[in-house]
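Remember, it's 1-based here, ligands and their atoms both numbered in the order they're listed. The figures here come from the full heavy-atom set of this structure, side chains too, leaving out hydrogens, waters and symmetry mates. Here, residue 1 is the first one in the sequence, and each next residue gets the next number.
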Amino acid sequence: MKKVITYGTYDLLHQGHINLLRRAKGLGDYLIVGVTTDKYDYERGKLNVRNNVVERIKAIEETGLADKIIIEEYVGQKIDDIQKYDVDIFAVGSDWEGEFDYLRDYCEVVYLPRTEGVSSTQLREESMPEVRLGIIGTGSIARRMVEESKYVSGISITAVFNPDIQEAIAFSQKYNIPQVFDNIEDFSNVISAAYVASPHPTHYPYTKYLLNRGIHVLNELPFSLKESEARDLFEIADSRNLVLMDAIKTAYCPAFKHMVSLIKSGLIGEVVDVEAAQSTLEQTPRKLDATQAGGGMSEDASFSLLPIMMLLGDNYTDIRFVSKMKDGVDIYTYCSLVYPTATASFKIGLGIKTEGDLVVSGTKGYLYVPAPWWKPSYFEARFEDISKNKKYFYAYEGEGLRYELQEFVTSIFYSKKHNVQLPHSLTISMARVQEDFHSGKNRVIID
Ligand code: CTP
């Protein structure tokens with residue numbers, strides 16, 4: 001009996017897939033179809049697959065063409081499967097020509113003709129009205145977002161806004177953005193969603209304006225420096241059924257999401273402490289400008305508050321800050337929080353350098369995320385019995401902004417009201433921490 005194997009995602013099963021399966025089956029007597037898991041697809045950069053693995057397997061089953069269906073969940077699995085199932089032929093569409101020649105050491109490799117004019121990507125795009133994204137602000141984070149947007153489907157960057165029109169023109173020319181504005185009203189007329197990456201004090205007024213114009217907003221951090229403002233923005237978004245997201249990129253990347261799930265599932269027991277640090281010696285003038293709400297806390301506290309609040313919540317009973325200041329901004333801040341059953345602390349430095357890692361301590365073990373933990377691709381669970389230690393690896397592509405952008409687009413598409421990766425209540429609490437700090441509450445200044 002000649003056994004053939006083929007693999008794919010098979011999202012929104014279409015005629016191209018069916019033709020391919022039929023051709024593959026025609027090469028032998030028994031067809032094995034490998035269907036990728038959701039996690040594997042996400043890790044290899046396919047962020048927008050519509051059907052889950054159960055739905056995709058069911059669709060393959062219903063074609064009646066597969067004699068056996070298996071799931072593909074890791075790099076290198078094809079070789080294992082070929083040996084395990086004693087496969088004679090590996091078949092795949094011609095869009096993969098040459099990619100799988102390395103399997104010739106194990107079996108025959110056949111590239112079958114691909115059906116022209118249909119693909120899952122195309123079907124996903126056709127079924128989804130494209131998000132017309134406008135960008136407010138033309139700084140380095142906005143540049144990185146434009147570059148990352150190429151990896152997210154269902155989005156086109158339509159316009160850029162900057163009150164300094166020359167800046168906006170230079171940005172649009174560099175990134176081929178069709179429309180340029182220095183007038184916010186005109187800008188808001190041509191977009192359906194916006195990424196607000198302007199100077200910190202302008203986040204609130206721009207975001208509020210856009211929401212009131214019916215535009216979904218992805219708001220750069222710090223989301224807001226005042227609790228009442230953050231609350232106000234979410235109230236507007238909720239009342240208008242708009243998506244409003246806090247752009248803490250770490251919250252949306254695979255490693256962080258899984259880390260939170262593992263800890264919440266009890267991997268290290270009850271969490272009793274979270275300790276984070278982040279520092280840089282890169283002191284750009286804007287980061288040190290008090291009039292632009294510069295300083296370590298405004299710049300970076302959102303990152304450290306993310307694991308603290310995701311794991312311990314926001315019902316802390318005490319919060320204290322110790323800061324070193326320069327020209328009215330903090331260049332170093334140590335913050336400690338006391339919870340009813342746990343503690344947390346973080347260190348932030350602009351102009352000091354320290355180990356930027358994250359440690360989550362629990363009653364059964366601890367989780368260690370090495371620097372730069374806010375762009376995680378790896379972490380380790382460690383226990384008293386070191387034979388139980390386990391390392392976890394994940395993809396973290398590019399600047400990591402594609403994950404939050406994909407989440408933003410998906411939330412718009414599915415009209416998602418709740419952000420499970422970062423609940424609105426926590427964003428509001430983070431704004432409260434910012435407000436307490438900037439008002440000098442419980443803050444000690446050291447020389
Ligand atoms: N395939 C094909 N003809 C098409 C589309 C896919 O022959 N028009 C084949 C691929 O070459 C592969 C298998 O179907 O062998 C599964 O491909 P998959 O990546 O799941 O489908 P695509 O439609 O190409 O998906 P996407 O657009 O997400 O890449």
Does any N or O atom in T115 lie less than 3.5 angstrom from one in ligand 1, N or O only?
-> yes
E55 bridged to R50 by N-O distance under 4.0 Å | no
Looking at Y10, is R56 sitting on its ring face, NZ or CZ under 6.0 Å from the six-membered ring centre and within 45 degrees of the normal?
-> no
Here the atoms of ligand 1 under 4.0 Å from any heavy atom belonging to S119 are 23 (O), 27 (O)
Looking at atom 14 (O) of ligand 1, what's its closest protein heavy atom, distance included?
-> H17 CD2, 3.5 Å
Mind checking whether F234 and F223 have ring centres under 6.0 Å apart?
-> yes
At what distance is the nearest protein heavy atom to atom 23 (O) of ligand 1, and which residue and atom is it?
-> S120 N, 2.7 Å
Can you name the side chain to side chain donor-acceptor pair (under 3.5 Å) partners of Y7, sequence neighbours left out?
-> D81
N/O separation below 3.5 Å, T6 to ligand 1 = no
Under a 4.0 Å N-O cut-off, is there an ion pair linking E43 with K39?
-> yes
Just wondering, do L31 and T6 contact through their side chains at under 4.5 Å, heavy atoms?
-> yes
Taking the six-membered ring of Y102 as reference, does the NZ or CZ atom of R104 fall below 6.0 Å from its centre and within a 45° cone about the axis?
-> no
Just let me know how L20 lines up against ligand 1, side chain, backbone, both or neither, with a heavy-atom cut-off below 4.0 Å.
-> side chain
Nearest to atom 11 (O) of ligand 1, what protein heavy atom do you find, and at what distance?
-> D95 OD1, 2.6 Å
Cation-pi, Y403 ring and K257 (6.0 angstrom, 45 degrees) = no
For atom 27 (O) of ligand 1, what is the nearest protein heavy atom, given as residue, atom name and distance?
-> T121 OG1, 2.4 Å
Out of E116, R114, Q15, who gets a non-hydrogen atom closest to atom 5 (C) of ligand 1?
-> R114
Looking only at N/O atoms, are P113 and ligand 1 under 3.5 Å apart anywhere?
-> no
Ligand-residue contact atoms, ligand 1 with T9, heavy atoms, under 4.0 Å = 20 (O)
Do any N/O atoms on V118 end up under 3.5 angstrom from N/O atoms on ligand 1?
-> yes
For atom 28 (O) of ligand 1, what's the nearest protein heavy atom and its distance?
-> R124 NH2, 2.9 Å
A student checking ligand 1 against V92 at a 4.0 Å heavy-atom cut-off should list atoms 15 (O)
Hey, are K3 and D67 close enough for a salt bridge, meaning a charged N less than 4.0 Å from a carboxylate O?
-> no
Decide side-chain contact (heavy atoms from CB on, under 4.5 Å) for L350 and T280; before the verdict, give the C-alpha distance in whole Å, the side-chain angles of both, and the deciding distance to 0.1 Å.
-> CA-CA 5 Å; L350 284 182; T280 177; 3.5 Å; yes
Does Y10, backbone or side chain, put an N or O under 3.5 Å from an N or O of ligand 1?
-> yes
re atom 29 (O) of ligand 1, the protein heavy-atom contact at minimum distance is K46 NZ, 3.6 Å
Where is the nearest protein heavy atom to atom 12 (C) of ligand 1: which residue, which atom, and how far?
-> G93 N, 4.1 Å
Hey, is Q122 one of the residues with a heavy atom under 4.0 angstrom from ligand 1?
-> no
Give every donor-acceptor pair under 3.5 Å between a side-chain atom in residues 388-398 and any protein atom, sequence neighbours left out.
unit_1, atom_1, unit_2, atom_2, d
N389, OD1, F383, N, 2.8
Y394, OH, H258, ND1, 2.5
Y396, OH, E399, O, 3.2

